[in-house]
Amino acid sequence: MNDRTPTRAGALGPPVAPGGAGAAAAAARPSVIQLVFREKGALYAAYIPIFTDGGLFVPTTREYRLGEDIYLLLSLPDDPQRFPVAGKVAWITPANASGGRTQGVGVRFPNDDKSRQLKIKIEEILGTSIQSQKPTQTI
């Protein structure tokens, strides 16, 4: 694992949505994914600044649909607090995507005060690196 891959709490490797009791159960209840960013580089690679209210790329092999609800429990570098985010799938990177892109989904933060504060916090952590031309896992 490198510093550009967020991890699921208590597991090695990229976060993967927990299995459910089938498609009907998944549709009735949003997925809950814990994202732990230990390094600023991993947060940079996953952050989606073009979403007005902010968003993150979530590496996952689970199948999602655009607009599907997804609940993130987000941990940021050097911050003991966990931030709950009730987002929506805004784009999908399928398996075997061109350019070697990681399979996963882009999660758009909701339009609320908590999300705006979280976006500001993420952008403060990233500082000037947010303007970098380094490739990311996002659009």
Are the side chains of [X] and [Y] in touch, meaning some heavy atoms are under 4.5 Å apart?
X: Pro110; Y: Asp53; answer: no
X: Phe37; Y: Leu56; answer: yes
X: Phe57; Y: Val105; answer: no
X: Pro84; Y: Tyr71; answer: yes
X: Val89; Y: Val58; answer: no
X: Phe83; Y: Leu76; answer: yes
X: Ile125; Y: Lys40; answer: yes

Salt bridge or not for Asp79 and Lys121, using N-O below 4.0 Å?
yes
Would you call Lys88 and Asp69 a salt bridge, using N to O less than 4.0 angstrom?
yes
At what distance, to the nearest 0.5 angstrom, does [atom1] of [X] lie from [atom2] of [Y]?
X: Arg82; Y: Leu35; atom1: CZ; atom2: CG; result: 11.0 Å
X: Leu66; Y: Arg108; atom1: CG; atom2: CZ; result: 10.0 Å
X: Glu63; Y: Ile92; atom1: CD; atom2: CD1; result: 8.0 Å
X: Phe109; Y: Leu118; atom1: CZ; atom2: CG; result: 4.5 Å

Using only atom types and a distance under 3.5 Å, with no angle test, would you say the side chain of Glu68 pairs donor to acceptor with the backbone of Arg65?
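Present.
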All side chain to side chain contact (heavy atoms under 4.5 Å, CB included) counterparts of Ala97, not counting sequence neighbours
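In terms of side chain to side chain contact (heavy atoms under 4.5 Å, CB included), with neighbours along the sequence ignored, Ala97 is linked to Thr93, Pro94, Arg101.
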Identify the two heavy atoms, one from Glu123 and one from Tyr47, that lie closest to each other, and give their separation to 0.1 Å.
OE2-OH, 2.6 Å
Shortest non-hydrogen separation from Gln103 to Ala95 and the atoms involved:
OE1-CB, 3.4 Å
For the pair Tyr44 and Glu39, evaluate side chain to side chain donor-acceptor pair (under 3.5 Å) and give the outcome as yes or no after the intermediate values.
CA-CA 9 Å; Tyr44 168 80; Glu39 304 284 333; over 6 Å; no
Sequence neighbours left out, what passes side-chain hydrogen bond (donor to acceptor under 3.5 Å, both in side chains) with Asp113? Give chain and number order.
Arg116
Tell me every residue that passes side-chain hydrogen bond (donor to acceptor under 3.5 Å, both in side chains) with Ser115, counting only those two or more places apart in sequence or in another chain.
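So Ser115 forms a side-chain hydrogen bond (donor to acceptor under 3.5 Å, both in side chains) with Asp112.
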If you apply the rule side-chain contact (heavy atoms from CB on, under 4.5 Å), what do you find for Phe51 with Trp91, and how did you get there?
CA-CA 11 Å; Phe51 290 163; Trp91 105 74; 3.9 Å; yes
Are Ile120 and Val107 linked, directly or through other ILVMFWY residues, by side chains that come within less than 4.5 angstrom of each other?
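In one cluster with Ile120: Val107, no.
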Verify side-chain contact (heavy atoms from CB on, under 4.5 Å) between Thr52 and Asn111, making sure each step is shown before the conclusion.
CA-CA 8 Å; Thr52 304; Asn111 181 1; over 6 Å; no
